[in-house]
> 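Let me begin by handing over the structure; questions about it come next.
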Number of protein chains: 2
Amino acid sequence: MSSALDDLSRINLGDQVYERIAKALLTGQMRPNDKLTIRGLSERWGVSTTPIRDAIKQLTQEKVLEQRSPKDVRVPVMTQAMYLEILQIRLHLEGLAAERAAERATPQDLRDLRKLLNRNDKAADRQNLALATAGNQEFHLSLSAVADMPTLQKILKGLWLQMGPLVACYYDMQPPGLNALHHEVIDAMQDKSPDRARLAIQKDILSAKPALLDQITTLRTGLRDPAEAL
Amino acid sequence: MSSALDDLSRINLGDQVYERIAKALLTGQMRPNDKLTIRGLSERWGVSTTPIRDAIKQLTQEKVLEQRSPKDVRVPVMTQAMYLEILQIRLHLEGLAAERAAERATPQDLRDLRKLLNRNDKAADRQNLALATAGNQEFHLSLSAVADMPTLQKILKGLWLQMGPLVACYYDMQPPGLNALHHEVIDAMQDKSPDRARLAIQKDILSAKPALLDQITTLRTGLRDPAEAL
DNA sequence: ATTTGATGCATGATGCATCAAAAAATCTTG
DNA sequence: CAAGATTTTTTGATGCATCATGCATCAAAT
């Protein structure tokens, strides 16, 4: 299960810190507008400054973290424009991934995906937020894995990370339910219907749109500058 | 003209080194299979190890450079599979950029783009490879700029960097000519025809496909391991 | 009371020393 | 002469000291 994590102690510290920050963003342990400092995380996690600096630099470059000023790096507050842009990109790219995945999926791939979906459904039933959000993301990314498109997967991973804090905040108050559309994607893949698979995943992506737009407004008004309270 | 470059001395060294390596890749000064070492570049360019390390780390993470083993970072040799994957992604994303650009382009945008194309045509006439390749790339990226989609542009920039060494090798022996399809893209934008703009840019992207596939085969046979020469 | 300027602290950038791992070169042995 | 073992060299990762800069705080002047 943790084939990639077993070697965690072997790979370099910077990457470990990267994953740690990524996880914190995805699970809502780091919230929009939170400030990150090299020395702060260094002391908190007992790691020297260099690996922390590496990780923050990379995340900043990927736009997962935002550099507001030379010494002020924060978890970005998603704007509506940014969300809508990411949405368009995802519709195209995840649609592409679903198509190709439908063309290439092996019986084993389909079994694995169904197993994953069952796990997600159970997590949703039990209101296990962390597992449900992680599972949801894993499903979306696994399409590009089945499609055998590593470059595409890397791009999508980045986009998911950017949306991470927003989604985490949302699930925080509005836990996810079962996801029929995910099952429809797999059914389409099993029928070798790229078009249906694409449409299903696109519909799934769009289904979250209204709620996330709401969440964006909530966050931005909630985090409004105290000065505006006049 | 160099609004973003005036502050070059102000921004951090790591980013300067990043740009320098990027330029070297795009202009063919660094070739596929070339090995990069921190200390090597450090001495060559008179910069300390830290900024070089930063730049190489970021480029490696973006898959612009390839980490073959823990201490062996190289300019990747593009595979056919990788090229075809990037091609699919670009068809979708640059198509999207062209559509949105066509919807939003202002008269000023159109003037700027035409000016750019004229410059490119002249560069092609004069067989100025460096200018022609840079200009070609600038045109493609400017579509996402006009579309006002910064996230999309960042993704496309990364993909272009990945293809950089391949394109540089190709232009090296097969200089580019005028590009009628680029003009067609702008004409479509001026007519506010997103569909035509998308089709034109997609056609342009595909027009390079056969030649680049050839180039891939050439490179891979040319760089074949000496051991195979039995 | 408000604004402005000076001072000190926090912080990122950079350079460098050290260490362990990898690679290269050299030597040994069959 | 070849293949393996061993030594030497190269190299990336990490930690840390230093430096320049930005920010906040506080006091003084208006």
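Throughout, a chain's letter reflects where its sequence line sits, starting with A, and its residues are numbered from 1.
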> Compile the donor-acceptor pairs under 3.5 Å between side chains in residues 59-67 of chain A and protein atoms, sequence neighbours left out, one pair per line.
unit_1  : atom_1 : unit_2  : atom_2 : d
A:Thr60 : OG1    : A:Ile56 : O      : 2.6
A:Glu62 : OE1    : A:Tyr18 : OH     : 3.1
A:Glu62 : OE2    : A:Tyr18 : OH     : 2.5
A:Gln67 : NE2    : A:Pro70 : O      : 3.2

> Identify, with sequence neighbours excluded, every residue that meets ring pair (Phe, Tyr, Trp, His ring centres under 6.0 Å) alongside A:His92.
B:His92

> Check side chain to side chain donor-acceptor pair (under 3.5 Å) between B:Glu43 and all other residues, then give those that pass, not counting sequence neighbours.
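If we apply the side chain to side chain donor-acceptor pair (under 3.5 Å) test to B:Glu43, skipping adjacent residues, there are no hits.
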
> Base, sugar-phosphate, or nothing for B:Ile56, non-hydrogen atoms under 4.0 angstrom?
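It contacts nothing in the nucleic acid.
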
> Determine whether a donor-acceptor pair (one donor, one acceptor, N or O, separation below 3.5 Å) exists between the side chain of A:Thr50 and the base of D:dG15.
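Side chain to base: pair present.
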
> Determine all donor-acceptor pairs shorter than 3.5 Å in which one atom belongs to a side chain in residues 130-137 of chain B; sequence neighbours excluded.
unit_1   : atom_1 : unit_2   : atom_2 : d
B:Thr133 : OG1    : B:Leu129 : O      : 3.1
B:Thr133 : OG1    : B:Ala130 : O      : 3.0

> For A:Tyr171, enumerate each residue passing the ring pair (Phe, Tyr, Trp, His ring centres under 6.0 Å) test, keeping only those at least two apart in sequence or located in another chain.
none

> With a 3.5 Å cut-off and no angle check, do the side chains of B:Asp112 and B:Gln108 form a donor-acceptor pair?
yes

> Can you tell me if the side-chain N/O atoms of B:Arg53 get under 4.0 Å from OP1 or OP2 in D:dA13?
yes

> Using atom CG of B:Leu41 as one end and atom C1' of D:dT10 as the other, report the distance to the nearest whole Å.
15 Å

> Taking the nucleotide of DNA chain C with the nearest heavy atom to each, does A:Gly40 or B:Gly14 sit closer to the 5' end?
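Comparing both residues, the 5'-ward one is A:Gly40.
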
> What residues form a salt bridge (charged side-chain N to carboxylate O under 4.0 Å, His left out) with A:Asp148, not counting sequence neighbours?
A:Arg104

> Please tabulate the protein-to-nucleotide N/O contacts below 3.5 Å involving nucleotides 19-24 of chain D, giving atom names and distances.
unit_1 : atom_1 : unit_2  : atom_2 : d
D:dT21 : O2     : A:Lys71 : NZ     : 2.4

> Among residues at least two apart in sequence or on other chains, which ones pass side chain to side chain donor-acceptor pair (under 3.5 Å) with A:Gln127?
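Side chain to side chain donor-acceptor pair (under 3.5 Å) check on A:Gln127 returns nothing, list empty.
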
> So what does B:Thr37 hit on the nucleic acid, given a heavy-atom distance under 4.0 Å: a base, only sugar-phosphate, or nothing?
sugar-phosphate

> Heavy atoms within less than 4.0 Å of DNA chain D: which residues of residues 57-65 of chain A have one? Give them sorted by number.
none

> Looking for any heavy atom pair under 4.0 Å, which part of the strands does B:Leu36 touch: base, sugar-phosphate only, or nothing?
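Sugar-phosphate contact only - B:Leu36 comes under 4.0 Å of backbone atoms but never of a base.
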
